[in-house]
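Shown next, in structure tokens, is the structure this report addresses.
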Amino acid sequence: MDNRERILELRKSLHRHNYLYYVKNAPVISDFEFDALMHELQDLEMFYPDMYDKNSPTQRVGSDISEKGGFAQAEHKYPMLSLDNTYSETEVQDFFNRVSELLNEPFEICCELKYDGLSISLTYQDGQLTQAVTRGDGVRGDIVTNNVKTIRTIPLIIEGGECSSEFEVRGEILMPWASFETLNQERAKEDEPLFANPRNAASGTLKLQNSAEVGRRKLDAYLYYLLGENLPYDGHYENMKYLSKLGFKTTEHIKKCSSLEEVMEFITYWDTERKNLPVATDGVVLKVNSLRQQRNLGYKAKSPRWAIAYKFQAEKAVTRLCSVSYQVGRTGAITPVANLDPVQLSGTTVKRASLHNADIIEGMDLHIGDMVYVEKGGEIIPKITGVDLSSRTFMMGDKVDFVKYCPECKTRLVRYEGEAAHYCPNINECAPQRKGRIEHFVSRKAMNIDGMGPETIDSFFNVGLINDISDLYRLKVKDICRLERMGIKSAENLIHSIEKSIQTPFERVLFALGIRFVGEVAAKKLARAFKNIDNLMSATMDQLIEVNEIGNKIAQSVIDFFAEEKNRVLVEKLREVGLQFATEESDSETSNNKLEGKIIVISGVFEKHSRDEYKAIIENCGGKNSGSISSKTSFILAGDNMGPSKREKAESLGVPLISEDEFLKMIE
Ligand code: IVH
């Protein structure tokens with residue numbers, strides 16, 4: 001066998017082993033053998049570039065090269081509709097009766113699980129995956145083929161049997177609980193914001209521009225809908241079994257029911273049993289099984305008449321409230337946390353839950369020892385939603401009174417007008433606030449100092465190595481390498497990362513200072529408007545609110561911040577170590593106010609700049625980006641392939657379309 005034949009053979013064999021491992025959970029070779037075959041194929045493909053195949057098993061690893069300019073978009077051949085939802089069994093009964101009346105003949109309902117991820121449409125031509133598109137607005141979505149290829153349960157090539165020359169399969173992309181937890185643990189270590197639930201994590205992951213990172217995050221997919229001309233069977237159920245034979249991972253928990261009782265039985269069973277599944281589900285979808293009957297029943301504006309989704313109630317548990325503790329955040333905001341008797345909820349043990357603020361505690365008339373309802377509702381942090389008053393005895397514990405003094409520094413708390421939270425006003429001395437400011441300063445979107453998570457900050461702070469952010473720039477390798485868990489190499493890397501951060505542009509330094517209410521966007525606007533810190537420090541209220549999107553609250557906060565002697569001293573210390581306190585000439589050159597007050601929607605694909613670059617240009621020129629067209633839209637920056645629905649909407653509202661060239665001329 002020559003090398004070319006070997007390449008083909010290896011591809012075939014790896015596709016099969018991939019299917020057996022990921023879809024069937026029944027590998028017949030070891031991981032080691034699989035890797036050896038993969039390496040052999042990778043090596044051979046390198047020597048025979050003319051044999052490149054976009055669907056070779058080697059293409060699943062994704063690329064580390066970021067795709068520039070966001071995703072191109074494609075129109076769905078068949079629009080991606082949604083489903084009518086209900087939480088009520090009576091409405092399921094109404095659906096069943098309605099279908100029965102309309103059809104006036106025997107019918108079957110196919111029940112299957114409703115997966116809680118994001119929908120995807122996969123197109124196969126001549127047995128090869130050619131395109132994967134997100135739902136988008138139902139008419140057009142983002143083309144995310146390279147990212148989807150990293151999902152091992154999605155076949156790149158159909159080898160399981162005969163299939164038509166073109167068809168579409170739809171399903172749900174999910175992040176399994178296990179991958180979700182690992183990802184959040186990694187993010188917590190890196191001090192990056194956590195994903196609230198697997199759905200958000202899957203959606204954030206699929207939209208990454210780096211498919212190698214997508215591959216690392218281990219997404220999965222369940223497929224539940226086959227579309228195309230001349231489908232093999234008239235039954236949805238039978239088509240799903242056919243898809244499964246072709247090598248797709250379809251929903252395994254699927255049942256054809258002939259009576260309402262059977263449907264209800266399926267719902268009741270899965271309401272509890274779903275807790276044992278590796279992925280999140282949020283209901284049961286009922287579909288009329290026969291495609292002929294589906295066509296007879298037809299569609300409403302946004303959903304079919306032949307299907308309905310019954311949604312499960314958010315999972316609840318009842319447990320005892322043992323105590324309430326109070327956490328102090330970077331801004332001094334106090335968060336009350338309920339400490340509970342451990343209880344099982346959605347597959348995890350819950351010991352703590354959020355209590356939000358003093359008003360909510362008061363509203364529930366909460367007492368220590370109360371039996372409370374805990375809900376997860378798809379979110380990672382459970383919340384207390386109520387008290388079981390019936391289980392209160394006359395022996396009940398003390399009423400929960402929101403603390404009056406800071407649990408850390410004992411300063412009397414304050415509550416600002418119009419705010420739900422209580423604050424510790426001891427900004428300069430209260431330890432968690434000081435540490436929190438350092439954590440914010442080093443975070444990725446601020447100075448992006450690698451290797452400095454909360455634990456490292458804690459240990460530096462506790463031994464007195466850092467008191468405020470300027471001390472970071474005086475740290476030496478010899479001072480820190482002696483600390484626990486800090487070897488020479490990590491110490492050197494950290495110092496290098498701190499030194500590198502000196503180049504961080506002014507707008508991010510301004511954000512990193514942690515001025516209350518000055519987020520990333522406000523910092524950008526202020527940096528561009530005032531050009532340097534001295535102008536900003538001496539700005540008056542009127543000058544500040546003149547800046548687009550800077551209101552009274554932010555302006556007052558900036559004035560208050562620089563009115564503090566301590567903060568002015570801090571700025572001087574940071575200036576001495578070389579931080580950037582002025583915008584670069586080139587920054588201001590590309591900035592002007594030509595789009596001041598304009599609300600602009602970007603649509604389509606562009607030649608000269610990416611969509612992200614255009615977004616930045618719009619902001620630099622004082623304009624505002626918006627995702628949807630309304631009567632307030634000033635104009636649409638229209639590239640190629642702008643969607644027909646957007647075009648129609650713009651026409652009906654009289655919003656002008658501006659081409660790429662016209663736009664560039666406009667801002668010169
Ligand atoms: S069928 C015409 N089946 O739920 C509708 N959808 O609210 C075809 N979903 O956008 C959809 N599991 O993302 C169908 N087993 C399932 C599903 C399912 C989850 C999602 C899907 C859809 C949304 C509708």
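Keep in mind that this is a model prediction, so the values were computed, not measured. For reference, positions follow the sequence shown, starting with 1. Both ligands and their constituent atoms are indexed starting at 1 by order of listing.
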Quiz item: Between Thr281 (side chain) and Gly283 (backbone), is there a donor-acceptor pair under 3.5 Å?
Solution: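 No, because the side chain of Thr281 does not come within donor-acceptor range (under 3.5 Å) of the backbone of Gly283.
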Self-check item: Heavy-atom closest pair, residues Leu345 and Glu375
Solution: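 Nearest heavy atoms, Leu345 then Glu375: CD2-C, 4.1 Å.
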Exercise. Specify the closest pair of heavy atoms between Ala307 and Lys287, including all atoms of both residues, with the distance to one decimal.
Key: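 It is CB-CG, 4.2 Å.
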Exercise. Kindly state whether the ring of Tyr224 and the ring of Phe248 have centres lying under 6.0 angstrom apart.
Key: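 They do not qualify: ring centres at least 6.0 Å apart.
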Quiz prompt | Close-range residues for ligand 1, whose non-hydrogen atoms fall below the 4.0 Å threshold | solution =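 Residues Leu83, Glu112, Leu113, Lys114, Tyr115, Ser119, Glu172, Tyr224, Tyr225, Val285, Lys287, Pro304 each place a heavy atom under 4.0 Å from ligand 1, listed by chain and number.
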Quiz item: Quick one: does Lys241's side chain get under 4.5 Å of Leu243's, heavy atoms only?
Solution: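 A side-chain contact is absent here, since even the closest heavy-atom pair is not under 4.5 Å.
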Quiz item: What residues, two or more places apart in sequence or in another chain, satisfy ring-ring contact (aromatic ring centres under 6.0 Å, His included) together with Tyr21?
Solution: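 Partners of Tyr21 by the ring-ring contact (aromatic ring centres under 6.0 Å, His included) criterion come out as none, since no residue qualifies.
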